[in-house]
There are 2 protein chains.
Amino acid sequence: MRPLVHPAIEAIRPEAILHALSDPSRAAIFARIMGAGCVEACASVSTLGDRVIPKSSLSSHIKVLREAGLIRSERHGVEMRNHSRGAEVEARFPGLLGAIMNAYASEDSAARAAADAGAAEGQTPSA
Amino acid sequence: MRPLVHPAIEAIRPEAILHALSDPSRAAIFARIMGAGCVEACASVSTLGDRVIPKSSLSSHIKVLREAGLIRSERHGVEMRNHSRGAEVEARFPGLLGAIMNAYASEDSAARAAADAGAAEGQTPSA
DNA sequence: TCAGTAGTTCCGAAATCCTGAACTATGGGA
DNA sequence: TCCCATAGTTCAGGATTTCGGAACTACTGA
């Protein structure tokens, strides 16, 4: 158990943020942490939609988010509390997180609409 | 020489854009293509700062940008013209590209300032 | 002390990335 | 027309990264 590493706000690099959020699973995890009053244990994000994320994968996703500077993790007894650092990142890179999370949100709603339309016609949506 | 693939605007996925721009080399290439009146041959971006990018790497970077929907490439005789699709992407994901390119720009100027300060003190900037 | 829970680390397999070498495609002389 | 130069692509390999199961550590409560 090596100590948790959190980059200082001025050491956060845009490429790390983009890389961290370029994985839809990680983006979804981050969205939950941002949305859930800024605190969320790892266990509570272990399923995404209908997909189960293995513990070891989840642990490394959380680590990537932490080392990118997107979240701050603290051990509280046996569990881990993950806080969003969204406000700090927003101050350093204005508009970045909002635009990224918006892009995913609009993508999701478009995909859902397409799936619904396909289901209504009794078809799978065309790839 | 298989034909060039360009995704339709509605098929562009945020994760592809983030992945494409999460590499600083690709982000720099894209910045040049955006900046250079929207047209730039591959050969003209073959060096980035003081680093030379091998032809094969450049070709695959351009391919990643193209398949993410960030640029449009056309063969003109022996060379390739790369146009930015920034306006289209902006319409689909408002604010995304601007925020990303801003983040890199502010990072670059911060790094340059730090390097200058270090040079003024006769030190290398601390990692 | 023991059992249970939460998360991390390790390690092998799979996927991805980088790049030199060989290749294709085009244009311009001679 | 043939040959060469230029611009870029494809292929193959090795290096790096990612994924996930198994074993592990850390903490709590009984």
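Note on naming: letters A, B, ... go to the chains in the order of the sequence lines (proteins, then strands), and numbering restarts at 1 for each one. Computed over heavy atoms, backbone and side chain alike; hydrogens, waters and symmetry mates excluded.
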Filter on side-chain hydrogen bond (donor to acceptor under 3.5 Å, both in side chains), then keep only pairs touching residues 91-106 of chain B, sequence neighbours left out; what's left?
A/E107-B/R92
Residues from residues 12-25 of chain B sitting under 4.0 Å of DNA chain C, heavy atoms only?
B/H19, B/D23
Compare every heavy atom of A/V89 with every heavy atom of A/I9, then report the nearest pair and how far apart it is.
CD1-N, 4.1 Å
Quick check against the 3.5 Å criterion: does B/E90 have a side-chain atom that pairs as donor or acceptor with the backbone of B/G95?
yes
At what distance, to the nearest 0.5 angstrom, does OG of A/S60 lie from CZ of A/R26?
7.5 Å
Residue closer to the 5' end of DNA chain C, A/E79 versus A/K63 (nearest nucleotide):
A/E79
Atom-to-atom span, CD of B/E74 to P of D/dG8 - whole angstrom
14 Å
Once base and sugar-phosphate atoms are separated, protein heavy atoms under 4.0 Å mark nucleotides 21-30 of chain D, 5' to 3', with B, S and - as BB--BBBS--
Contacts of type side chain to side chain donor-acceptor pair (under 3.5 Å), residue A/S73, not counting sequence neighbours:
A/R66, A/N82
Just checking B/S60: base, sugar-phosphate only, or nothing, at a heavy-atom cut-off of under 4.0 Å?
base
Check the distance between D/dA7's P and B/L58's CG and give it to me in whole angstrom.
12 Å
Please tell me if the side chains of B/L96 and A/L96 come closer than 4.5 Å, counting only heavy atoms from C-beta onward.
no
Which sits closer to the 5' end of DNA chain D, B/R66 or A/R26, going by the nucleotide each is nearest to?
B/R66
Residues that B/H19 engages under side chain to side chain donor-acceptor pair (under 3.5 Å), provided they are two or more places apart
none
Contacts of A/E88 meeting side chain to side chain donor-acceptor pair (under 3.5 Å) (sequence neighbours excluded), chain-then-number -> A/R72, A/R85
